[in-house]
Amino acid sequence: MPELPEVETTLRGIRPRLEGRRIDRLLVREPRLRQPIPPETAALVAGQTVGSLSRRSKYLLIGLDRGSLILHLGMSGSLRVVDAESPPKRHDHVDLALSDGHCLRFHDPRRFGLLLWSEDSPELAGLRHPLLSRLGPEPLDAAFDGGHLYRLSRQRRVAVKSFLMDAAVVVGIGNIYANESLFLARIHPARACHRIGLDRYGRLVEVVRAVLQASITQGGTTLRDFVKDDGNPGYFAQSLRVYGRAGEPCVQCGTPLRQQRIGQRSSFYCPRCQH
DNA sequence: AGCTCAACCTGCTGGC
DNA sequence: TGCCAGCAGGTTGAGC
């Protein structure tokens, strides 16, 4: 479920429900996530008040009085604010119980998610935490531009799609939006990243921004009331131009779209429009 | 240093 | 209907 737009939408949705609330307790039903939740986390967090919520890459940072909670939704994770008394469903692994009778409930069937405590503020954790310190720029920040991609790609030979999905290069571009952006930029996903010029990278950056921005708006529509329900995965698929559409005609030229595995991930492209 | 691959999990779909 | 293979929106870390 979560690509960057959904993480951003989740952030915007839960922010007003959490900021300023005290955490009564952290209930861990299932600690076995991508990294196990350390047993002492619950005791450390209880009684602290939520300051601010922010996002770095696809990590959500919950600022508390004496540190931060770092939360990642992995491949299948989602967050909802529910009544603290409402019965948990299968795969509801963690509750962050708030002083107002609600709780932030973390649901994650595949358990690729992550919940860690750091004694650093969200700002410091973003700079120093091992999971965050080596991340590239945010795709919507000015630091992400054509020159950035051009410079980093000169010594590398990987396919541009793998390059674009490398979090050390730029964060937050998952498989769906890598495919969509390369289609709109007319770049073949398997093209070696060092064989793309500055101007094409400039175009690619513009397109990435536009796609993410648009889907944040859409994600908002789709998931706006995720507090009540989990959102609607089918809705997204409608606006996708190539992802999941192997064999269907290209919206530009009608040529059947192709599918190919690049860097272990399914890739979709138009063999005529993209080079 | 850069690249590829396996691994962490459950759930769903499509073929037989 | 049931079984099984294959695939899924992410990320890390080992080994070449």
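Chain letters run A, B, ... following the sequence lines, proteins first and then strands; every chain starts at 1.
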Under the side chain to side chain contact (heavy atoms under 4.5 Å, CB included) test against A:P139, which residue among A:V205, A:V211, A:V170 passes? A:V170

Quick one: [X] [atom1] to [N] [atom2], roughly how many Å, whole number?
X: A:I216; N: C:dG9; atom1: CD1; atom2: P; value: 19 Å
X: A:H107; N: B:dT10; atom1: NE2; atom2: C1'; value: 10 Å
X: A:M75; N: B:dC12; atom1: CE; atom2: C1'; value: 13 Å
X: A:L33; N: C:dG10; atom1: CG; atom2: P; value: 18 Å
X: A:D108; N: C:dG9; atom1: CG; atom2: P; value: 15 Å
X: A:L212; N: C:dG9; atom1: CG; atom2: P; value: 16 Å
X: A:L71; N: C:dT11; atom1: CG; atom2: P; value: 13 Å
X: A:R111; N: B:dG11; atom1: CZ; atom2: C1'; value: 13 Å

Looking across every strand, which nucleic acid part, if any, lies under 4.0 Å from [X] by heavy atom: base, sugar-phosphate, or nothing?
X: A:F163; answer: nothing
X: A:Q264; answer: base
X: A:S162; answer: nothing
X: A:L73; answer: nothing

Does a nitrogen or oxygen in the side chain of [X] sit under 4.0 Å from OP1 or OP2 of [N]?
X: A:H91; N: B:dG11; result: yes
X: A:R34; N: B:dC9; result: no
X: A:R265; N: C:dA8; result: no
X: A:S76; N: C:dA8; result: no
X: A:R110; N: C:dG9; result: no
X: A:H72; N: C:dG10; result: no
X: A:Y177; N: C:dG9; result: no

For the residue pair A:H107 / A:D92, report whether a side-chain donor-acceptor contact shorter than 3.5 Å exists. yes

Does atom [atom1] ([X]) have a neighbourhood of more than 12 heavy atoms from anything else shown, all under 6.0 Å?
X: A:E40; atom1: CD; result: yes
X: A:R32; atom1: CZ; result: no
X: A:R272; atom1: CZ; result: no

Span that lies between the P atom of B:dG14 and that of C:dG9, in whole angstrom: 16 Å

Base of C:dG9, side chain of A:E6 - is there a donor-acceptor contact under 3.5 Å? yes

Using only atom types and a distance under 3.5 Å, with no angle test, would you say the side chain of A:H148 pairs donor to acceptor with the backbone of A:V169? yes

Check every atom of [options] against the side chain of [X] and return the nucleotide holding the closest atom.
X: A:F112; options: B:dC3, C:dA8, B:dC9; answer: B:dC9
X: A:E3; options: C:dG9, B:dT10, C:dA8; answer: C:dG9
X: A:Y59; options: C:dA8, C:dG10, C:dT12; answer: C:dT12

Cation-aromatic face contact A:R154/A:Y150, 6.0 Å, 45 degrees: yes

Given salt bridge (charged side-chain N to carboxylate O under 4.0 Å, His left out), test A:E8 with A:R55 step by step and report yes or no. CA-CA 7 Å; A:E8 180 65 27; A:R55 177 185 65 72; 2.7 Å; yes

Please name the nucleotide paired to C:dG10 by Watson-Crick or G-U wobble geometry with both distances under 3.5 Å, or report none. B:dC8

Please list, in numerical order, the residues of residues 148-157 of chain A that have a heavy atom closer than 4.0 Å to any atom of DNA chain B. A:R156, A:R157

Of all heavy-atom pairs between A:Y243 and A:N179, which one has the smallest distance, and what is that distance? CD1-ND2, 3.7 Å

